[in-house]
Amino acid sequence: MSRVSGSYRAILARADEHFDSVMRTQPQNLQCGRGCSLCCYGLFEIGSGDVPVIAEGLEQLHPMRRQKIIRRSLEIVESSAHPNLRECSPEEKEAFFDRTQATPCPNLDDEGACMMYEHRPLVCRTFGLPLRDGRKFIGDICELNFTESTRPEQMSAAWDLKWEDVLGPEDEFTIPEVIVMIARARGWL
């Protein structure tokens, strides 16, 4: 069984609590909800801390659902000419993310809901919120959220980037890549 460290679980819980707090205090600025999957299209980087989270989620799925997600992930990795993000140049990385910007996450069901919601990566838990680095406002990510908000509303809702959000070149993966890696390691593929 996979083990997710307690400190990383605390980070994920902090992210969930922050998002829930913004949803309670600023519902007019968040369009997020079940089935809204705009942020689930286009591959993006996740960190190594998310690998055991995803592994745990895959373990808990019904075998048929797990195989469906693994099959989708393998198709994405193979059809996109997925590079090793930890070894490619910034230009190669940018080209890869450009060509996969319309690729749906392999965890999406037919209604646009995440099949591994409780085991989603950190970035998925904070997507849709504005970002800041301490007191420095960085910006909005989702085009649907905070369109008519004030700067104070944005700042209070912004996810404050910490060390766990910063990815070094040795710590960059995509969700489908991680799913395939786990599936191979567990003998599910």
field: Shortest non-hydrogen contact between Tyr41 and Pro104, atoms and distance
entry: CE2-CB, 3.4 Å
- prompt: Just by distance, do the side chain of Arg186 and the backbone of Leu58 share a donor-acceptor pair under 3.5 Å?
  reply: no
message: Please determine whether side-chain contact (heavy atoms from CB on, under 4.5 Å) holds for the pair Thr100 and Thr174, giving the CA-CA distance in whole Å, both sets of side-chain angles, and the decisive distance to 0.1 Å.
response: CA-CA 11 Å; Thr100 59; Thr174 65; over 6 Å; no
query: Nearest 0.5 Å, what's the CZ-CZ distance between Arg125 and Phe19?
result: 11.5 Å
Test item: Arg184 side-chain N/O and Leu189 main-chain N/O as donor-acceptor pair under 3.5 Å: no
query: Within a strict 4.5 Å, meaning less than it, do heavy atoms of the Pro121 and Ile54 side chains meet?
result: yes
- prompt: How many angstroms lie between SG in Cys32 and CE in Met23, if you round to the nearest 0.5 Å?
  reply: 5.5 Å
message: Once rounded to the nearest 0.5 Å, what's the spacing between atom OG of Ser149 and atom CE of Met155?
response: 12.0 Å
Least distance between heavy atoms, Gly49 atom then Pro52 atom: O-CD, 3.5 Å
query: Can Leu12 and Leu122 be said to form a side-chain contact (heavy atoms from CB on, under 4.5 Å), step by step?
result: CA-CA 6 Å; Leu12 297 177; Leu122 176 62; 3.9 Å; yes
- request: Can you measure from SG (Cys114) to CD1 (Ile175) and round to the nearest 0.5 angstrom?
  value: 7.5 Å
- request: Answer yes or no: does atom CD of Gln28 have more than 12 heavy-atom neighbours from other residues, nucleotides or ligands under 6.0 Å?
  value: yes
Full working for side-chain contact (heavy atoms from CB on, under 4.5 Å) between Ile179 and Trp188: CA-CA 10 Å; Ile179 290 170; Trp188 295 329; over 6 Å; no
message: Using 0.5 Å steps for rounding, measure from the CZ atom of Arg24 to the CG atom of Leu30.
response: 12.0 Å
task: Determine the minimum heavy-atom distance between Leu108 and Ser37, stating which atoms define it.
output: CD2-CB, 3.9 Å
field: CA sep, side-chain torsions, deciding dist, call: Glu143, Leu38, side-chain contact (heavy atoms from CB on, under 4.5 Å)
entry: CA-CA 9 Å; Glu143 62 197 52; Leu38 183 64; 4.0 Å; yes
Residue pair Val22 / Phe146, side-chain heavy-atom distance below 4.5 Å: yes
message: Salt bridge or not between Asp16 and Arg120? Use side-chain N to carboxylate O under 4.0 Å.
response: yes
field: Atom CD of Gln67 with >12 non-hydrogen neighbours under 6.0 angstrom
entry: yes
- prompt: Once you round to the nearest 0.5 Å, how far does CG of Leu61 lie from CE of Met115?
  reply: 8.0 Å
task: Answer yes or no: are there more than 12 heavy-atom neighbours, outside Arg65 itself, under 6.0 Å from its atom CZ?
output: no
task: Indicate yes or no: at least one non-hydrogen side-chain atom of His82 is less than 4.5 angstrom from one of Val180.
output: no
- request: State, to 0.1 Å, how close Ala158 and Leu131 come at their nearest heavy-atom pair, and which atoms those are.
  value: CB-C, 3.9 Å
- prompt: With no hydrogens and no angle check, is any side-chain donor or acceptor of Arg86 less than 3.5 Å from a backbone partner on Glu172?
  reply: yes
- prompt: Looking only at heavy atoms, what is the nearest atom pair of Gln26 and Ala157, with distance?
  reply: NE2-CB, 3.7 Å
- request: Could you tell me whether the side chain of Ser73 and the main chain of Ile69 form a donor-acceptor pair under 3.5 Å?
  value: yes
- prompt: Side-chain contact, heavy-atom cut-off 4.5 Å: Glu45 with Lys93?
  reply: yes
field: Asn107 side chain to Tyr117 side chain, donor-acceptor N/O pair below 3.5 angstrom
entry: no
task: Please report the shortest heavy-atom distance between Cys39 and Phe44, naming the atom on each side.
output: O-CE2, 4.1 Å
- prompt: Would a distance-only check, ignoring hydrogens and angles, find a side-chain to backbone donor-acceptor pair under 3.5 Å from Asn145 to Gln31?
  reply: yes
task: For residues Ser80 and Thr103, determine if any side-chain heavy atom of one lies less than 4.5 Å from a side-chain heavy atom of the other.
output: no
